[in-house]
Student: 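Dropping the structure in here first, questions after.
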There are 2 protein chains.
Amino acid sequence: MTLPELSSGADLPPAVADAGLLEDGIRSAGLKVTAPRLAVLGALTDRPHATADALFSAVRADLPGTSLQAIYGVLASFTTAGIVRKIEPAGSAALFERRVGDNHHHIVCTRCGVVHDVDCAVGHSPCLTPVDALGFDVRAAEVIYWGLCAQCQSETALP
Amino acid sequence: MTLPELSSGADLPPAVADAGLLEDGIRSAGLKVTAPRLAVLGALTDRPHATADALFSAVRADLPGTSLQAIYGVLASFTTAGIVRKIEPAGSAALFERRVGDNHHHIVCTRCGVVHDVDCAVGHSPCLTPVDALGFDVRAAEVIYWGLCAQCQSETALP
DNA sequence: ACCATTGTTTTGAATCACTCAAAACAAGAT
DNA sequence: ATCTTGTTTTGAGTGATTCAAAACAATGGT
């Protein structure tokens with residue numbers, strides 16, 4: 001089989017050296033380094049906004065025995081550990097991304113569903129303050145922009 | 001049974017006169033006025049952020065034969081007609097509210113899940129413009145604030 | 001290097017929120 | 001009063017996600 005080597009990242013080609021970076025990320029989050037975890041994190045690097053199911057398909061290519069529940073488990077542990085962020089746009093399955101720590105937002109195409117990152121106007125969290133927080137201790141402001149992506153605009157404009 | 005009267009709103013007690021207002025709202029949206037629709041709109045007036053299931057329970061009290069599918073159907077027609085707004089906070093079932101037309105946002109307690117309306121920081125829709133819209137034609141900006149409500153703050157602070 | 005501990009993954013099933021479709025029914029127009 | 005069209009009921013089905021128990025594997029200690 002063509003599983004990635006879990007140990008010894010020295011004197012190996014770039015693709016596997018990257019796996020070493022992934023490994024560090026997982027380990028320094030206090031999590032055990034496993035093949036499914038490396039595979040999910042690698043797949044998520046290639047797909048910045050992926051569903052659990054998309055990651056499942058991607059991971060299966062390298063690790064055929066992996067279960068969908070393992071993907072959910074990996075994503076839950078990553079999300080809890082703070083090395084992955086889960087976003088849940090209305091009307092679609094949850095998406096996961098590696099970009100964490102900054103306070104960026106998302107723009108979603110209402111037609112094709114493509115998602116892109118949008119930098120926050122203010123750099124820190126929460127980047128917006130409600131006019132009246134009603135006594136809440138506000139910890140985060142989540143912003144999702146909805147609209148048509150450039151490609152869908154041109155396709156929609158056709159006769 | 002104790003169904004609300006569907007016709008003749010004159011010389012009736014306030015509760016039924018209100019039903020007349022609900023009726024007008026439904027009719028002027030171009031929808032047929034039915035008992036389930038009146039009941040859903042009435043229940044939604046009392047519960048500004050309700051799930052389909054909560055409305056189902058509420059409606060059943062007055063209209064015991066009503067099905068959950070009818071609630072979903074009513075809410076879909078109301079949402080399409082623009083007299084009800086659907087919001088879908090991460091991790092919970094969809095919520096419905098009667099407050100439409102303005103561009104307000106929501107603040108959700110991460111502990112107890114209570115939802116309140118928050119006026120928009122800027123008055124119009126989209127109330128925020130992304131720094132770089134990436135070629136998107138932005139139609140809406142959806143903001144959800146997450147935090148602890150006043151009550152959960154005090155309960156969490158206990159030893 | 002081996003073993004024990006603890007955490008992870010597999011396997012299998014179940015749940016929740018929601019949607020679909022056909023038939024029965026009722027509101028509103030004529 | 002009748003007809004048309006839209007609504008609700010009835011019944012079934014789906015997709016995304018979660019739960020639980022048993023098998024398994026990664027790290028820490030010996």
Side-chain angles (χ1 to χ4, degrees), chain A residues 3-8 19 22-41 50-57 59-60 62-81 83 86-96 113, chain B residues 3-8 19 22-24 26-41 50-57 59-60 62-81 83-84 86-96 113:
Chain A
L3 300 188
E5 276 294 326
L6 297 193
S7 49
S8 72
L22 299 179
E23 189 175 333
D24 291 346
I26 295 168
R27 201 183 303 278
S28 55
L31 298 169
K32 287 182 180 174
V33 177
T34 67
R37 285 180 174 171
L38 284 171
V40 167
L41 203 53
T51 61
D53 206 60
L55 293 169
F56 178 50
S57 300
V59 166
R60 281 219 142 176
D62 285 338
L63 244 41
T66 312
S67 67
L68 178 57
Q69 287 81 343
I71 306 297
Y72 278 107
V74 167
L75 290 170
S77 64
F78 283 178
T79 303
T80 304
I83 63 172
K86 181 184 190 180
I87 61 176
E88 297 172 63
S92 92
L95 300 173
F96 297 86
Chain B
L3 299 189
E5 275 296 325
L6 296 193
S7 51
S8 73
L22 299 179
E23 188 173 334
D24 291 346
I26 295 168
R27 200 182 305 277
S28 54
L31 299 169
K32 287 183 180 174
V33 177
T34 67
R37 285 179 174 172
L38 284 171
V40 168
L41 203 53
T51 61
D53 207 61
L55 293 168
F56 178 50
S57 300
V59 166
R60 282 217 140 177
D62 285 340
L63 243 42
T66 311
S67 67
L68 178 58
Q69 286 79 344
I71 306 297
Y72 278 109
V74 166
L75 290 171
S77 64
F78 283 178
T79 303
T80 304
I83 61 171
V84 157
K86 181 184 189 180
I87 60 176
E88 297 171 62
S92 92
L95 300 173
F96 297 87

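Just so we're on the same page: letters track the sequence lines, and every chain starts at 1.
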Student: As a test of reading the structure: which of D/dT17, C/dT9, D/dT8 is closest to the side chain of B/Ala70, going by heavy atoms?
Tutor: D/dT8

Student: For A/Thr66, which contact category applies under a 4.0 Å heavy-atom criterion: base, sugar-phosphate, or nothing?
Tutor: sugar-phosphate

Student: Name the nucleic acid region contacted by A/Leu68, choosing base, sugar-phosphate or nothing; use a 4.0 angstrom heavy-atom cut-off, strictly under.
Tutor: base

Student: Rounded to whole angstrom units, what separation is found between the CZ atom of B/Phe56 and the C1' atom of C/dC16?
Tutor: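 Atom CZ in B/Phe56 sits about 15 Å away from atom C1' in C/dC16.
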
Student: If I compare all heavy atoms of A/Thr66 with all of A/Phe56, which pair ends up nearest, and what's the gap?
Tutor: O-CE1, 3.2 Å

Student: Separation of A/Asp53 atom CG from D/dT14 atom P, in whole Å?
Tutor: 16 Å

Student: Looking at the side chain of A/Lys32, which of D/dT8, D/dA25, C/dT19 is the nearest nucleotide?
Tutor: D/dA25

Student: Quick check on the helix from C/dA1-D/dT30 to C/dT30-D/dA1: what's the angle between its two end axes, five base pairs per end, to the nearest 10°?
Tutor: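 It comes to 30° between the two terminal axes.
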
Student: Could you say whether A/Gly65 or B/Phe96 is positioned toward the 5' end of DNA chain C, judged by the nucleotide with the nearest heavy atom to each?
Tutor: A/Gly65

Student: Any idea which of C/dA13, D/dA26, D/dT5 is nearest the A/Gln69 side chain?
Tutor: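 Of the candidates, C/dA13 comes closest.
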
Student: I want to confirm an ordering. Mapping A/Ala94 and B/Ser67 to their closest nucleotides on DNA chain D, which one lands closer to the 5' end?
Tutor: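 Of the two residues, B/Ser67 wins.
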
Student: Consider the side chain of A/Val33, meaning its heavy atoms from C-beta on, and name the nucleotide among D/dT27, C/dT9, C/dA27 that approaches it most closely.
Tutor: D/dT27

Student: When you get a sec, tell me which of D/dT17, D/dT7, D/dT27 is the closest nucleotide to the side chain of A/Ala52?
Tutor: D/dT17

Student: Would you mind reading off the distance between B/Glu88 atom CD and C/dC16 atom C1', rounded to a whole angstrom?
Tutor: 15 Å

Student: Rounded off to whole Å, could you give me the CG-to-C1' distance for the B/Leu38 and D/dT7 pair?
Tutor: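 So the two atoms are 13 Å apart, to the nearest Å.
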
Student: Heavy atoms within less than 4.0 Å of DNA chain D: which residues of residues 72-79 of chain B have one? Give them sorted by number.
Tutor: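 The answer is B/Val74.
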
Student: Look up atom CD1 in B/Ile71 and atom CZ in B/Arg37, then write down how far apart they are to the nearest 0.5 Å.
Tutor: 11.5 Å

Student: If you compare every side-chain N and O of A/Arg27 against the phosphate oxygens of D/dT27 (OP1, OP2), does one of them come in below 4.0 Å?
Tutor: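 For D/dT27, OP1/OP2 do have a side-chain N/O of A/Arg27 under 4.0 Å.
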
